[in-house]
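Because only heavy atoms are used, hydrogens play no part in the values below, and waters and symmetry mates are left out as well, while side chains stay in.
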2 protein chains.
Amino acid sequence: MGSTGIHAPAADAAGAPRTREDVVLAAGRLFAQRGYHGTSMRDLGEELGMLGSSIYSHVAGKNELLVEVIRRGAEFFNEVVATASAAGGTAIDELERLIRGHVRVVVGHIDEVRTFLFESRFLPEYDRLKIVEMRDDYEAAYRSAIERGLGEGSIAAGVDPGITAIFVLSVLNALIRWYRPDGGRDADDIAAEMWAFVANGIGAEGSR
Amino acid sequence: MGSTGIHAPAADAAGAPRTREDVVLAAGRLFAQRGYHGTSMRDLGEELGMLGSSIYSHVAGKNELLVEVIRRGAEFFNEVVATASAAGGTAIDELERLIRGHVRVVVGHIDEVRTFLFESRFLPEYDRLKIVEMRDDYEAAYRSAIERGLGEGSIAAGVDPGITAIFVLSVLNALIRWYRPDGGRDADDIAAEMWAFVANGIGAEGSR
DNA sequence: CCTACCGATCGGTAGG
DNA sequence: CCTACCGATCGGTAGG
């Protein structure tokens, strides 16, 4: 078989050894599909073509993998907020950018997002609290964009920014429940449909 | 200690032995909090004040508990659809009733609903498929109410019933993520706030 | 990355 | 519902 002998390290079809990156990506896939507690290190090894015990040469433990996968998910969302806020424009423009960015993250990094949304409760306390904070900040970005729109008059008076931010994020987050990569809609199509619904929900000017 | 001797069965503070009902309710609590794979039969025994092995005198296995908890969650939602559809009235009335009923189920049976929404993927294949069907029917109830509203002219022309049903259910289902029993809002308050958002989203007549 | 393990815990059973 | 177990699997380690 292999030219390096019986004890050659397992490797992928191209012969390259696995990296920490491979391990984290595979962990994201399995955590998203089977859940953190439903995935064993041996399962993960099988996914990578190696033994479960071999994974420990890439990471310190199973927990570290959960932290790393979720940290990546959180980072994608943080980047969206940073970009959308820095771009300027009206509150309505900002909201549209936030939504489009969010949908792109879900569509482009579904495993990390699924793990982020479903498995964060199994994080060690310290990391779990950081994620809770991050979610609060994320929600606050939506709330403050809505408040700005209220000030501009581009969002209907009487809209409650707090609860409305929650509702908008509800629509966005539920995407992981129904999105299918083969569904024929791309990220920006989905974002446009969501925006049509949300714009009416907040009485955005010119929405109907 | 107990008057029935050293080998008296464990019982609650009132001295009553546990029933199958107690076991299923406790399982719902733990599955909702720690997840199905994060809950051991010994954990569940501790919650009930008995040994893990004693649970097998009430149920055949851990899996049966998952099926039973989720079956109950599904039943609550099915009852809402049956009641809301049978009550007559306009499509708008029906939608309002569906939403109010849904929120009441989440608020009143949060453990079963959480388990239903987060742990269904761990169900045995047969039961999992039944739940998928049930969800499709549930979504169809929203879709057909929206279609009826379109026909009545009480919902804005141009609204897509399929995607809109998904968005409305997104707002409803996300309630399990943010609802806190001590939050000062009761079920009907929450339902009214959701309806205000959704009614605008679908351009319900008189919504703004 | 593999071999060869470890102690702990898992779902579950027999018998009372 | 408890006692006393069972085989299987878990996360993880030492050493190469």
Side-chain angles (χ1 to χ4, degrees), chain A residues 1-27 30-31 34-69 119 122-124 127, chain B residues 1-27 30-31 34-69 119 122-124 127:
Chain A
M1 254 205 181
S3 57
T4 45
I6 296 167
H7 294 290
D12 69 13
R18 273 67 172 178
T19 61
R20 182 186 160 93
E21 179 72 12
D22 296 327
V23 176
V24 174
L25 289 175
L30 293 198
F31 292 166
R34 309 177 193 180
Y36 177 67
H37 287 305
T39 303
S40 74
M41 293 302 270
R42 285 160 180 87
D43 289 340
L44 183 52
E46 202 179 339
E47 175 85 4
L48 286 158
M50 58 168 81
L51 295 178
S53 58
S54 300
I55 296 168
Y56 292 88
S57 60
H58 293 288
V59 291
K62 190 185 175 187
N63 233 283
E64 184 181 312
L65 281 171
L66 183 64
V67 172
E68 178 66 16
V69 170
E119 311 297 322
F122 303 123
L123 242 20
D127 301 275
Chain B
M1 256 203 183
S3 57
T4 46
I6 295 166
H7 293 291
D12 69 14
R18 273 68 172 177
T19 62
R20 182 186 160 94
E21 179 72 13
D22 296 328
V23 176
V24 174
L25 289 175
L30 293 197
F31 293 165
R34 310 178 193 178
Y36 177 68
H37 287 305
T39 302
S40 74
M41 292 303 269
R42 285 160 180 85
D43 290 340
L44 183 51
E46 202 179 340
E47 176 84 3
L48 286 159
M50 57 167 81
L51 294 177
S53 59
S54 300
I55 297 168
Y56 292 87
S57 59
H58 293 288
V59 292
K62 190 185 177 186
N63 232 284
E64 183 182 312
L65 282 171
L66 183 64
V67 172
E68 178 66 15
V69 170
E119 311 298 322
F122 303 124
L123 241 21
D127 301 275

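Rounded to a whole Å, the CG atom of A:L51 is 19 Å from the P atom of D:dG15. Distance CD (A:E46) to C1' (D:dC10): 15 Å, rounded to an integer number of Å. With rounding to whole Å, A:L65 atom CG is found 12 Å from D:dG11 atom C1'. The interatomic distance linking A:L66 (CG) with D:dG12 (P) rounds to 12 Å, in whole Å. One interatomic measurement links the two molecules: OH of A:Y56 to C1' of D:dC10, which rounds to 9 Å at whole-angstrom precision. Atom CG in A:D43 sits about 6 Å away from atom P in D:dC10, given to the nearest Å. Following rounding to the nearest Å, A:L44 (CG) and D:dC10 (P) show an atom-to-atom distance of 12 Å. Here the P atom of nucleotide C:dT9 and the CZ atom of A:R42 are 16 Å apart, to the nearest Å.
Ring geometry, A:Y36 versus A:F122: the interplanar angle falls under 30°, so the pair is classed parallel (tilted spans 30 to 60°).
The distance from atom CZ of B:R18 to atom CG of B:L25, rounded to the nearest 0.5 Å, is 13.0 Å.
Helical stems involving DNA chain C, defined as 3 or more consecutive Watson-Crick or G-U pairs under 3.5 Å, span C:1-16 with D:1-16.
When each of D:dC1, C:dC1, C:dG11 is scored by its nearest atom to the side-chain atoms of B:S57, the top-ranked nucleotide is D:dC1. The side chain of B:K62 lies closest to C:dG11, out of D:dC1, C:dC1, C:dG11. Residue B:P17 has its side chain nearest to D:dC1 when only D:dC1, C:dG11, D:dT3 are considered.
Across all non-hydrogen atoms, the minimal contact from B:T39 to B:G35 is OG1-O, 2.7 Å. Residues A:H37 and A:K62 approach most closely at CA-NZ, 4.2 Å, considering heavy atoms. B:V69 and B:F31 make their closest contact through CG2-CD1, 4.4 Å (heavy atoms, listed as atom of the first residue, atom of the second, distance).
Between A:R20 and A:E64 a salt bridge is recorded (basic side-chain N to carboxylate O distance below 4.0 Å).
Contact annotation for B:S40: backbone-only contact, meaning every heavy-atom pair under 4.0 Å involves sugar-phosphate atoms and none involves a base. Across all strands, B:G52 comes closer than 4.0 Å to no nucleic acid atom at all (heavy-atom distances). Counting any heavy atom pair closer than 4.0 Å across all strands shown, A:H58 reaches sugar-phosphate atoms only and no base atom.
Regarding contacts with the backbone of C:dG12, every side-chain N or O of B:S53 stays at 4.0 angstrom or more from both OP1 and OP2.
Among B:N63, B:D127, B:V24, the single residue meeting the side-chain contact (heavy atoms from CB on, under 4.5 Å) criterion with B:E68 is B:V24.
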